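Notes follow the structure.
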Amino acid sequence: MAVTQLIGAKIHRREDPRLVSGHGRYIDDLNRPGQVYATFVRSPYAHAKIQKIDLTEAKAAAGVRAVYTAKDFQGQVAGTHPTVAAFAPEKKTVPDRFPIASGEAAYQGEIVAVVLADTKSAADDAANLVQVDYDVLPAVGDLEKALEPNSPKAHTDLADNLGWDMTLVPWEATDSAFGSAEVVVKERILQQRLAPTPMETRGVLAEYDTFDKRLTIWMSNQNPHFIRLFVGGALSLPESSVRVISQDVGGGFGSKISPYPEDYLVPAMARMGGRPVKWIETRTESIQNTTHGRGQIFDVEVAAKKDGTLLGMRLTQYLDLGAYHGTFGAFQACACVMAGGAYHWQGISARTVGVLTNKVPTDPYRGAGRPEATHLVERMLDRLAQEIGMDPIELRRKNFIQASEFPYTQNFGLVIDSGDYEKSLAKAMSIAGYDELRKRQADLRGKGRYLGIGVSTWIELCGFGPSALAGATAGVALVESAQVRVHPTGSVAVYTGTHSHGQGHETTFAQIVADTLGVPYEQVEIRHGDTNEGPSFGYGTYGSRSLAVGGMAIHRASQRVVDKAKKLAAHMLEAAEEDIVFDQGKFHVKGSPEKAKAMGEVAFAAYGAGLPEGMEHGLEAVAYFDPPNLVWPFGAHIAVVEVDPETGSVKFEKYVAVDDCGNVINPMVVEGQLHGGIVQGFSQALFEDVAYDEASGQLRTGTMLDYMVPTAVEIPDIQLDSTVTPTPVNDLGVKGIGEAGTIAASVAVINAITDAVSPFGITHVDMPASPDRLWKQIKEARGVSATSANGGGGAQA
Amino acid sequence: MKRKVALTVNGSRREDEVEPRLLLVHYLRDVAGLTGTHIGCDTSQCGACTVLVDGKAVKSCTLFAVQAQDAEVETIEGLATGDQLHPLQQAFWDNHGLQCGYCTPGFIMAGVYLLSQNPNPTDDEIRKGLEGNLCRCTGYVNIIKSVKDAAQKMGAAKGAGTPVAAGGE
Ligand code: FES
Ligand code: FES
């Protein structure tokens with residue numbers, strides 16, 4: 001193998017020149033001749049019977065080509081929305097979902113009609129002329145009330161609102177842990193709904209060739225092969241007749257994985273009307289209709305000894321499913337199986353309950369279950385530390401799974417591949433100056449200032465996923481494919497089933513190939529996002545899988561190319577294959593490096609005359625990589641904040657993150673992923689909240705004016721560092737880093753805030769810790785414990 | 001009823017018949033075919049549509065095309081010369097100031113304006129100067145770094161070109 005030169009190098013991204021110059025190709029930049037524009041008419045109510053739809057005026061409006069309602073799609077779009085069944089719960093109800101509502105709308109924004117017109121503005125105007133008579137029904141909002149027997153139902157034909165109820169490990173399993181406990185702490189931890197808010201909204205452009213019966217769909221998506229599978233299937237078209245293209249994508253964060261109603265309807269309309277149809281989501285449509293993330297209540301109890309030894313945990317997750325199950329909603333069970341974090345436990349009991357409400361469905365959003373798990377376990381450790389008067393770091397150290405124990409089988413039977421939690425923590429503490437910080441905190445408290453220090457020693461499972469572990473990956477085998485083609489003159493085209501929407505794969509994957517094949521980096525081109533190219537199926541990008549699974553498939557396919565090239569080189573050098581050495585992109589006979597054949601020369605020969613007996617022409621290979629295990633990144637984050645109790649405002653003083661994702665292909669890209677991920681964690685901790693009016697189910701945060709995405713002003717500097725613990729799971733030793741920052745950060749911030757306000761007797765702060773909420777909480781706590789304010793917690797020094 | 005609008009875009013004079021309600025951003029994208037200016041919201045929060053109008057950074061979704069009558073509009077496509085990137089574009093590339101790239105044209109245009117007003121901004125001044133723009137990918141860390149880097153390089157280039165330096169004093 002060639003000496004590693006590019007793996008690990010800080011290579012500037014090759015996708016950037018087109019993007020910084022305004023030459024990216026995002027969905028709204030694409031147009032087809034003769035296209036018409038779609039505008040959807042959506043239910044303004046969270047729950048309503050559709051009595052009558054009058055299309056007369058809309059159909060007569062200028063520029064209108066067609067107006068459709070549900071009945072027009074009967075026979076055009078078959079089947080219901082896919083949902084993966086990852087587990088067999090005691091109870092499960094999955095409401096049918098057709099991409100357009102007919103009798104009843106079950107969330108605000110559900111599609112009831114659609115207008116096609118020659119211009120976007122004509123379609124918008126006519127959509128306003130569609131008259132729908134609704135009979136408003138009671139809306140289901142609150143998760144606990146939804147489970148009461150007399151609650152209204154999210155769909156009128158349902159017996160109850162219980163989407164599922166599953167006990168992963170029964171309560172009895174932790175009886176002995178709780179029985180021997182010297183201290184038990186309990187908390188209810190809320191995970192607010194979040195709108196993923198990629199800066200580019202969704203969009204679909206579809207064209208149907210009536211005579212060839214071929215459908216082409218351009219869309220902003222993380223997962224084009226899945227779309228081809230689902231949409232082609234629903235439209236009864238063979239996959240070979242459907243092409244899905246996803247070029248530059250302006251961010252996804254999990255919200256562009258699953259198929260959406262518009263993804264079926266736009267292609268169906270292209271076929272029905274014989275003209276290309278384009279639809280671009282507005283921001284309000286995006287916040288209202290693109291799946292939300294999080295949306296849970298966790299009831300958690302932790303049993304421990306007074307010396308800080310953790311014994312057991314019991315947790316119940318109530319997940320707000322929304323009106324329908326998200327395609328990968330079942331994946332949220334992951335919040336339970338990861339609840340043990342980086343620690344030893346005698347036992348963990350867990351139950352997950354999915355609740356149907358009249359809101360838009362929830363589905364994965366950056367981290368998907370793992371931020372929630374980290375948040376709850378790291379929060380509970382601080383809660384316990386406060387209870388027993390122990391430093392939260394000491395408590396963590398006491399219970400860490402030790403570096404010598406890996407591979408370590410955790411409480412839910414998953415095998416943690418590798419780790420060194422102590423190491424990343426020690427590094428973070430030294431960078432942050434932890435001991436100094438505690439002293440400063442005590443000093444400042446004396447002066448009536450409230451500094452807080454929060455720690456998150458997070459772990460993650462990612463790299464979805466091994467076919468053998470389909471249970472942990474929502475029931476689907478999420479392997480990955482790659483094709484490597486070496487052209488006769490030595491240039492290389494590589495096709496991957498993953499999809500890049502900001503991650504920089506065109507650069508980082510080329511680094512892997514250049515090293516493995518020993519060809520110049522500039523000669524390698526990475527292609528993705530077009531189902532007509534490369535292997536027959538790809539699995540897409542999410543779950544921090546692209547490198548650990550997709551990168552490995554590329555690596556494997558490259559190795560196959562090298563293997564064949566080596567045979568051919570042996571023939572060319574008239575030597576036995578065993579005597580051939582591959583070094584720096586050249587083949588030579590052991591001991592005579594001066595007589596070498598470069599990969600390019602071998603490639604040329606592979607397409608010409610004079611091949612060895614029995615060898616086929618060509619130099620290309622396909623590989624599917626099925627990882628033997630998931631990979632487990634980890635790290636330690638320390639947040640330092642100051643809370644002003646008079647205003648409830650939170651000011652960052654410092655944020656230190658030491659992360660370990662194994663070997664690194666391109667450190668610049670890794671740092672970028674961490675910055676962005678961490679800020680999304682901050683944002684959940686402090687700002688973002690999809691708010692519905694509980695009584696009416698009306699969305700109260702439907703624009704960027706109301707839904708707070710932070711600007712550069714709100715975001716502090718972030719100090720990054722790393723440790724490197726390569727995974728034994730794959731040959732590259734790599735893990736994932738796309739979600740790590742988000743998984744780690746929300747709880748570091750919330751732990752810091754809780755620590756800051758602990759002198760007021762506060763033991764838990766929920767998200768978002770916005771100034772108004774925090775101020776109110778401090779005020780209430782002060783009212784209750786005005787006399788004990790000085791003794792109510794003190795510094796945990 | 002359509003109305004005539006005449007303006008200069010990236011140095012070229014144009015005249016078009018447009019609907020009075022057409023926003024400048026749609027004019028640039030759909031009429032002038034310059035799709036580097038992006039749309040990220042419908043309430044003028046995100047700044048993805050930022051362009052320069054008579055040298056000032058403007059969210060082009062807040063203006064009707066007809067309001068740009070006789071204006072000099074500069075978009076992201078007007079910054080580079082051939083494949084020679086503008087120093088800010090180069091700095092975003094060098095400092096990994098973008099990931100998905102969707103917000104990037106808006107940030108770069110806002111950055112051009114910021115540096116035209118304040119060639120040597122502090123980190124806080126950069127943050128303030130870019131507060132009309134949202135990025136969901138980068139956490140802003142490398143965007144701030146990029147603008148700072150560009151400021152330094154543009155300052156140095158200017159310094160090198162002054163007659164004092166040429167006089168070799
Ligand atoms: S499109 Fe968001 S500010 Fe103009
Ligand atoms: S780089 Fe994706 S939004 Fe800024």
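Just so it is clear, the model here is predicted, and its values are computed rather than measured.
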So, for [X] and [Y], which heavy atoms are closest and what is the spacing to 0.1 Å?
X       : Y       : result
S21(A)  : Q89(B)  : CA-NE2, 3.5 Å
G251(A) : C100(B) : N-CB, 3.4 Å
Y140(B) : P710(A) : OH-O, 2.6 Å
N142(B) : H675(A) : OD1-CE1, 3.6 Å

Taking NZ, NE, NH1 and NH2 as the nitrogens, is one of them in R21(B) or D125(A) under 4.0 Å from a carboxylate oxygen of the other?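 Judged by the 4.0 Å cut-off on N to carboxylate O distance, R21(B) and D125(A) do form a salt bridge.
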
I'd like to know if E688(A) pairs up with R136(B) as an ion pair, taking the criterion as any Lys NZ or Arg NE/NH1/NH2 lying under 4.0 Å from an Asp or Glu carboxylate oxygen.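 R136(B) and E688(A): salt-bridged.
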
For L134(B) and T711(A), what are the C-alpha separation, side-chain angles and deciding distance, and is it a side chain to side chain contact (heavy atoms under 4.5 Å, CB included)? CA-CA 6 Å; L134(B) 295 176; T711(A) 73; 3.7 Å; yes

With rounding to the nearest 0.5 Å, note down the distance linking [atom1] in [X] to [atom2] in [Y].
X       : Y       : atom1 : atom2 : value
D717(A) : K145(B) : CG    : NZ    : 10.0 Å
S500(A) : Q99(B)  : OG    : CD    : 9.5 Å
L30(A)  : T35(B)  : CG    : OG1   : 8.5 Å
D28(A)  : I39(B)  : CG    : CD1   : 6.0 Å
T138(B) : E671(A) : OG1   : CD    : 13.5 Å

Selection from [options] maximising heavy-atom pairs under 4.5 Å formed with chain B:
options                            : result
V679(A), L19(A), I287(A)           : L19(A)
A712(A), P17(A), G676(A)           : A712(A)
G22(A), P196(A), G502(A)           : G502(A)
L674(A), V709(A), T703(A)          : V709(A)
D248(A), I678(A), I718(A), T197(A) : T197(A)
Q680(A), E714(A), R18(A), H23(A)   : Q680(A)

Counting only heavy atoms from other residues, nucleotides and ligands, does the tally under 6.0 Å from [atom1] of [X] exceed 12?
X      : atom1 : answer
R3(B)  : CZ    : no
D83(B) : CG    : no
E17(B) : CD    : yes

Given 3.5 Å as the limit, does a donor-acceptor pair link the side chain of W93(B) with the main chain of R13(A), or not?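 Checked: pair present.
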
Exam field: side chain D42(B) to backbone T282(A), donor-acceptor pair closer than 3.5 Å: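 Side chain of D42(B) to backbone of T282(A), a donor-acceptor pair under 3.5 Å: no, none is there.
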
Identify, with sequence neighbours excluded, every residue that meets side-chain hydrogen bond (donor to acceptor under 3.5 Å, both in side chains) alongside R25(A).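 Checked R25(A) against side-chain hydrogen bond (donor to acceptor under 3.5 Å, both in side chains); zero matches.
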
Measuring heavy-atom distances to chain B, does [X] have an atom under 4.5 Å in its side chain, in its backbone, in both, or in neither?
X       : answer
V713(A) : both
F682(A) : neither
Q503(A) : neither

Do V20(A) and L85(B) come close enough that some side-chain heavy atom pair is under 4.5 Å?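 Yes, side chains in contact.
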
How about R29(B) and D29(A): do any of their side-chain heavy atoms sit closer than 4.5 Å?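 Yes, at least one pair of side-chain atoms sits under 4.5 Å.
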
With respect to chain A, which residue among E131(B), K128(B), R127(B) yields the maximal number of heavy-atom pairs within a distance under 4.5 Å?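 Of E131(B), K128(B), R127(B), R127(B) has the most heavy-atom pairs under 4.5 Å with chain A.
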
Below 4.5 Å from any heavy atom of chain A, which atoms of L98(B) appear? Answer side chain, backbone, both or neither.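 Answer is both: backbone and side chain atoms of L98(B) are under 4.5 Å from chain A.
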
What part of D30(B) lies closer than 4.5 angstrom to a heavy atom of chain A: side chain, backbone, both or neither?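 Contact with chain A involves no heavy atom of D30(B) at all.
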
Within residues 43-54 of chain B, residues adjacent to chain A where the heavy-atom gap is under 4.5 Å: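 Residues in range: T43(B), Q45(B), C46(B).
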
For chain A, which residues from residues 73-82 of chain B lie under 4.5 Å away (heavy-atom distances)?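 Hits under 4.5 Å: I76(B), E77(B).
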
What pairs of residues pass the ring-ring contact (aromatic ring centres under 6.0 Å, His included) test when at least one of them lies in residues 32-75 of chain B, not counting sequence neighbours?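 Sorted result for residues 32-75 of chain B: Y26(A)-H38(B), H38(B)-Y102(B).
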
